[in-house]
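Worksheet: one structure, shown below.
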Amino acid sequence: MRIVLLGPPGAGKGTQGELLVKKYKIPHVSTGDILRAAIKEETELGQKAKVYVERGELVPDGLVVGIVKERLAREDAASGFLLDGFPRTPAQAEALDASLREMGMQLTAVINVDVDTEILLERLTGRRVCRDCGATYHIKFNPPTVRCVCDKCGGELYQREDDAAETVRQRLEVYRKQTEPLIAYYKEQNILYTVDGSQEIEQVFADIIEFLQ
Ligand code: ADP
Ligand code: ADP
Ligand code: ZN
């Protein structure tokens, strides 16, 4: 299973991604998670990416394409993977196609998680993330059992800096301009499935699974 999760910020890619990788036992490759970890650890990549992430802009293609290529070449990705938040530009999509071709692979499906802007704003501003394991919650729609504490590892929950209202607006605009064209790109390849992401988490997951089977 080689899956790409496409959709605007807040659509539920990370949430569905967690469920899908558990079911299919494939690695979860989230460029957002990789970049946030690099920024936290102040690696060279992190130092380069920081300004873009903070402004709600995309990190340059060259930087992300390199990371993803390396990640997909690792042994645990040989029999499948789930890409979350990549590709995000036509250039990234073309680079992905090219490197999969080189490895003699192709994508199984691209799942487009479709959600209206109003709901996205509510989801992003209420999102909380675990500092230790990266698990995602929502103060209203998917709250942890104990306030501010991760159910999975006991870590502290925090609000991502780029989930502040002003940055969210910028990220949604970046999505419309730079990422949305990928819907047509994958439709043309006949591998696109659009799921109604405004439904409850379990229903969105059920729809995706039904399609993949
Ligand atoms: P993305 O990775 O696409 O940015 P997330 O998976 O982080 O999105 O979800 C954004 C926020 O919305 C999180 O707080 C998450 O808990 C919540 N969420 C995700 N899916 C749903 C859903 N189907 N219904 C309600 N809230 C959801
Ligand atoms: P969300 O799903 O909520 O938009 P992500 O965690 O996927 O958030 O991404 C957070 C930030 O990381 C983006 O706003 C962008 O700055 C950077 N980023 C993540 N993935 C990519 C990518 N494929 N290309 C460029 N920048 C990226
Ligand atoms: Zn945790």
Side-chain angles (χ1 to χ4, degrees), residues 4-20 28-39 45-46 48-68 71 82-93 95-96 111-115 119-144 146 148-163 167-168 170-175 178-179 182 195-208:
V4 165
L5 284 178
L6 194 65
K13 301 181 297 297
T15 303
Q16 296 301 323
E18 271 183 54
L19 298 170
L20 287 163
H28 188 170
V29 181
S30 158
T31 43
D33 286 349
I34 294 170
L35 292 169
R36 274 185 295 279
I39 291 170
L45 167 71
K48 285 184 189 149
K50 192 169 191 268
V51 278
Y52 300 100
V53 175
E54 278 175 354
R55 286 194 206 125
E57 287 167 13
L58 293 184
V59 172
D61 289 331
L63 282 181
V64 249
V65 166
I67 316 172
V68 172
R71 184 62 191 84
L82 178 126
L83 279 169
D84 165 3
F86 182 96
R88 253 175 154 99
T89 63
Q92 291 179 16
L96 175 64
I111 312 289
N112 174 35
V113 187
D114 185 37
V115 177
I119 303 181
L120 294 176
L121 291 173
E122 205 182 359
R123 286 193 185 171
L124 289 166
T125 47
R127 170 159 64 186
R128 298 292 182 272
V129 182
C130 175
R131 245 183 233 292
D132 297 334
C133 77
T136 302
Y137 298 86
H138 190 282
I139 50 172
K140 202 158 111 196
F141 306 134
N142 186 22
V146 180
C148 301
V149 179
C150 178
D151 286 349
K152 298 193 176 88
C153 78
E156 181 205 4
L157 304 186
Y158 78 107
Q159 179 170 34
R160 274 168 49 178
E161 238 173 87
D162 62 343
D163 278 345
T167 319
V168 159
Q170 164 71 13
R171 285 161 57 211
L172 289 172
E173 200 172 309
V174 164
Y175 169 78
Q178 306 195 53
T179 310
L182 296 186
V195 64
D196 175 3
S198 65
Q199 308 173 93
E200 302 226 324
I201 293 173
E202 292 71 26
Q203 189 56 52
V204 178
F205 184 56
D207 285 2
I208 295 175

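These numbers were taken from a predicted model, which means no experiment stands behind them. Read the numbers this way: they start at 1 and go in the same order the structure lists the ligands and their atoms. No hydrogens, no waters, no symmetry mates; every other heavy atom, side chains included, goes into these values.
- Atoms of ligand 1 found under 4.0 Å from any heavy atom of Glu200 (numbered from 1 in listed order, with element): 23 (N).
- For the Zn ion (ligand 3), protein N, O or S atoms under 2.8 Å: 4 in total.
- Counting only distance, with no hydrogens or angles, the side chain of Thr31 and the backbone of Gly85 share a donor-acceptor pair below 3.5 Å.
- The distance from ligand 1 to the heavy atoms of Thr15 drops below 4.0 Å at these ligand atoms: 5 (P), 6 (O), 9 (O), 15 (C), 19 (C).
- At a 4.0 Å heavy-atom cut-off, ligand 1 touches Gln199 through the backbone alone.
- Rounded to the nearest 0.5 angstrom, Asp61 CG and Gln92 CD are separated by 4.5 Å.
- If you number the atoms of ligand 1 from 1 as listed, the ones under 4.0 Å from a heavy atom of Tyr137 come out as 13 (C), 14 (O), 16 (O).
- With Gln16 contributing its side chain and Ile201 its backbone, the two residues share a donor-acceptor pair below 3.5 Å.
- Between Asp163 and the options Arg123, Arg171, Arg128, a side-chain hydrogen bond (donor to acceptor under 3.5 Å, both in side chains) holds for only Arg171.
- Annotation for Tyr158: atom OH counts as buried by contact number, over 12 foreign heavy atoms lying within 6.0 Å.
- Close contacts of ligand 1 with Phe141, meaning ligand atoms under 4.0 Å from a residue heavy atom, involve 25 (C), 26 (N).
- Proximity of Leu124 to Pro9: side-chain heavy atoms (C-beta onward) are separated by under 4.5 Å at one or more points.
- Residues Ala11 and Leu120 approach most closely at N-CD2, 3.6 Å, considering heavy atoms.
- Side-chain contact between Val65 and Phe86 is present, with heavy atoms from C-beta onward closer than 4.5 Å.
- Thr179 contributes a side-chain N or O that, together with a main-chain N or O of Arg88, makes up a donor-acceptor pair within less than 3.5 Å.
- When each of His138, Arg127, Lys140 is paired with Glu122, the side-chain hydrogen bond (donor to acceptor under 3.5 Å, both in side chains) condition holds for Lys140 and for no other.
- No more than 12 heavy atoms of other residues, nucleotides or ligands sit less than 6.0 Å from atom CD of Glu161.
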Identify all N/O pairs between ligand 2 and the protein with a separation under 3.5 Å and present them as a table of atom names and distances.
{"unit_1": "ligand 2", "atom_1": "2 (O)", "unit_2": "Lys13", "atom_2": "NZ", "d": "3.1"}
{"unit_1": "ligand 2", "atom_1": "3 (O)", "unit_2": "Arg127", "atom_2": "NH2", "d": "2.8"}
{"unit_1": "ligand 2", "atom_1": "3 (O)", "unit_2": "Arg171", "atom_2": "NH2", "d": "2.6"}
{"unit_1": "ligand 2", "atom_1": "4 (O)", "unit_2": "Arg88", "atom_2": "NH2", "d": "2.8"}
{"unit_1": "ligand 2", "atom_1": "4 (O)", "unit_2": "Arg171", "atom_2": "NH2", "d": "3.3"}
{"unit_1": "ligand 2", "atom_1": "6 (O)", "unit_2": "Arg36", "atom_2": "NH1", "d": "2.8"}
{"unit_1": "ligand 2", "atom_1": "6 (O)", "unit_2": "Arg36", "atom_2": "NH2", "d": "3.1"}
{"unit_1": "ligand 2", "atom_1": "6 (O)", "unit_2": "Arg160", "atom_2": "NH1", "d": "3.4"}
{"unit_1": "ligand 2", "atom_1": "7 (O)", "unit_2": "Arg88", "atom_2": "NH1", "d": "3.0"}
{"unit_1": "ligand 2", "atom_1": "7 (O)", "unit_2": "Arg88", "atom_2": "NH2", "d": "3.3"}
{"unit_1": "ligand 2", "atom_1": "8 (O)", "unit_2": "Arg160", "atom_2": "NH2", "d": "3.1"}
{"unit_1": "ligand 2", "atom_1": "16 (O)", "unit_2": "Glu57", "atom_2": "O", "d": "2.6"}
{"unit_1": "ligand 2", "atom_1": "20 (N)", "unit_2": "Thr31", "atom_2": "OG1", "d": "2.8"}
{"unit_1": "ligand 2", "atom_1": "20 (N)", "unit_2": "Gly85", "atom_2": "O", "d": "3.4"}
{"unit_1": "ligand 2", "atom_1": "20 (N)", "unit_2": "Arg88", "atom_2": "NH1", "d": "3.1"}
{"unit_1": "ligand 2", "atom_1": "23 (N)", "unit_2": "Gly85", "atom_2": "O", "d": "2.9"}
{"unit_1": "ligand 2", "atom_1": "23 (N)", "unit_2": "Gln92", "atom_2": "OE1", "d": "3.0"}
{"unit_1": "ligand 2", "atom_1": "24 (N)", "unit_2": "Gln92", "atom_2": "NE2", "d": "2.9"}
{"unit_1": "ligand 2", "atom_1": "26 (N)", "unit_2": "Val59", "atom_2": "N", "d": "3.1"}

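- Put simply, the side chain of Lys13 never gets that close to the backbone of Val4: no donor and acceptor are under 3.5 Å apart.
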